[in-house]
Amino acid sequence: MGSEKSLSEPRLLTDEENRKLEHQKITLSELKISLLQKEAAKNWDKFYKNNTTKFFKDRHWLLREFQPLQILLASSEHTIYFLEVGCGVGNAFFPLMEAAGSSVFGLACDFSSRAVDFVRQNEQFNTNRMFAFTCDIVQESIIDKLRVITSGIDIMTVLFVLSALDPNEMQRALKNLADVMKCGGKVCVRDYAVNDYAMIRFGTRNHKISDRFYVRQDNTKAYFFFMEELEALFRDAGFKTESLCYKEAKTENREKQLSVDRYFVQAVFEKL
Ligand SMILES: C[S@@+](CC[C@H](N)C(=O)[O-])C[C@H]1O[C@@H](n2cnc3c(N)ncnc32)[C@H](O)[C@@H]1O
């Protein structure tokens with residue numbers, strides 16, 4: 001990730017982009033939409049079958065962008081419990097655990113069992129200080145799955161995961177995250193923002209599920225957030241906002257060897 005700019009408003013669209021958005025019609029049947037919701041884990045599992053560990057780049061920028069993650073570097077008498085939610089194959093988990101001090105215990109979960117297997121098979125995976133587990137954050141209680149290890153998480157990362165959920169599932173997922181957080185614990189979030197270029201690029205038919213919510217060719221889904229709605233979701237789940245902004249970032253498209261502008265929402269929330 002190259003240079004990044006913080007913004008307080010969403011990106012403005014050009015006339016051409018507005019026209020493209022207007023042409024995106026909801027043509028998917030209700031049956032197809034409910035199937036996408038039912039088969040979400042299966043579709044992400046297929047994604048990891050096809051792409052293995054090669055799709056996402058390691059996220060080495062996290063410590064720079066999220067000040068609260070510095071807690072991982074400090075030495076502490078107590079164990080610091082860190083959870084990466086929707087960890088995929090560990091592109092955020094391993095760089096953070098590599099930098100983390102010996103008092104940190106790292107937990108990683110995803111609802112794709114294939115992704116969790118990739119995490120466990122990674123040569124950096126160390127069972128003395130790491131635990132990876134399958135969990136559907138909408139359907140299953142995280143705290144139940146972690147009960148033998150800890151009753152509370154100090155710091156959590158939720159990166160490009162909420163956008164994969166249906167909007168009607170988000171509140172349930174966030175309550176689940178809140179249940180496993182210690183009071184004062186921090187959640188670091190980055191996700192897709194409204195008017196991101198990827199949102200405009202969706203085709204005119206068979207991609208749009210609802211407002212700012214789309215399905216990709218591979219049947220995985222992407223929601224594009226206003227930062228105020230992200231804040232409201234976390235507030236309703238029992239968090240207060242520590243920081244919140246839009247981010248303009250240059251990312252590299254490896255396949256096309258291009259550097260592209262992307263727009264994200266970025267936030268830190270504290271459990272009350
Ligand atoms: C775009 S990937 C991000 C992976 C990782 N956080 C990163 O930054 O590299 C989204 C991940 O969220 C996971 N995911 C989506 N919905 C989930 C759910 N309901 N419960 C748990 N994981 C989920 C997917 O399997 C996928 O690995």
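Each ligand, and each atom within it, is numbered from 1 in the order the structure gives. Counting begins at 1 with the first residue of the sequence. Computed from a predicted structure; not experimentally measured.
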Which segment of Thr157 sits under 4.0 Å of ligand 1 when only heavy atoms are counted: neither

Nearest protein heavy atom with distance in Å, relative to atom 25 (O) of ligand 1: Asp110 OD1, 2.6 Å

NZ/NE/NH1/NH2 to OD/OE distance under 4.0 Å, Glu169 and Lys38: no

Shortest protein heavy-atom distance from atom 19 (N) of ligand 1, along with the residue and atom involved: Asp136 OD1, 3.0 Å

Hydrophobic cluster membership, Ile142 vs Leu233, 4.5 Å side-chain cutoff: yes

Set of residues satisfying side chain to side chain contact (heavy atoms under 4.5 Å, CB included) with respect to Met227, sequence neighbours excluded: Leu244, Tyr246, Val265

Glu4 with Lys250: basic N within carboxylate O range, under 4.0 Å: no

Row check, Tyr197 ring normal vs Arg11 NZ/CZ: under 6.0 Å, within 45°: yes

For Leu165, the ligand 1 atoms whose distance to one of its heavy atoms is below 4.0 Å: 16 (N), 19 (N)

Glu84 near ligand 1 by a heavy-atom separation under 4.0 Å: yes

Which segment of Cys135 sits under 4.0 Å of ligand 1 when only heavy atoms are counted: backbone

Ring centre gap for Phe160 and Phe264 strictly below 6.0 Å: yes

Nitrogen or oxygen of Tyr192 less than 3.5 angstrom from that of ligand 1: no

Salt bridge (charged side-chain N to carboxylate O under 4.0 Å, His left out) partner of Arg19, the single match among Glu22, Glu17, Glu16: Glu16

Ala164: numbered ligand 1 atoms lying under 4.0 Å from its heavy atoms: 15 (C)

Hphob cluster co-occupancy, Leu35 + Ile26, side-chain heavy atoms under 4.5 angstrom: no

Close N or O approach (Trp44, ligand 1; < 3.5 Å): no

Which residue and heavy atom of the protein sit nearest atom 6 (N) of ligand 1, plus the separation: Gly86 O, 2.7 Å

Protein residue, atom and distance nearest to atom 9 (O) of ligand 1, heavy-atom basis: Arg59 NE, 3.2 Å

Atom indices of ligand 1, in the order listed, that fall short of 4.0 Å to a heavy atom of Phe56: 1 (C), 2 (S)

Shortest protein heavy-atom distance from atom 14 (N) of ligand 1, along with the residue and atom involved: Phe111 CE2, 3.4 Å

Ligand 1 contact on Glu169 by region, counting heavy-atom pairs under 4.0 Å: neither

Residue portion contacting ligand 1 (non-hydrogen atoms closer than 4.0 Å) for Cys87: backbone

Contact check, side chains of Tyr214 and Lys221, non-hydrogen atoms, under 4.5 Å: no

Rounded distance [0.5 Å steps], CD in Glu123 versus CZ in Phe94: 9.5 Å

Minimum-distance protein heavy atom relative to atom 3 (C) of ligand 1: Leu159 O, 3.5 Å

Residue, atom name and distance, where the atom is the protein heavy atom closest to atom 26 (C) of ligand 1: Tyr48 OH, 3.3 Å

Geometric class of the His207/Phe202 ring pair [parallel <30°, tilted 30-60°, perpendicular >60°]: tilted

Joint hydrophobic cluster, Val187 plus Leu272, side-chain heavy atoms closer than 4.5 Å: no

Under-4.0 Å heavy-atom contact with ligand 1, by part of Ala115 that carries it: neither

Heavy-atom nearest neighbour in the protein, as seen from atom 20 (N) of ligand 1, with distance rounded to 0.1 Å: Ile137 N, 3.0 Å

Contact check: Asn91 vs ligand 1, nitrogen or oxygen atoms, below 3.5 angstrom: no

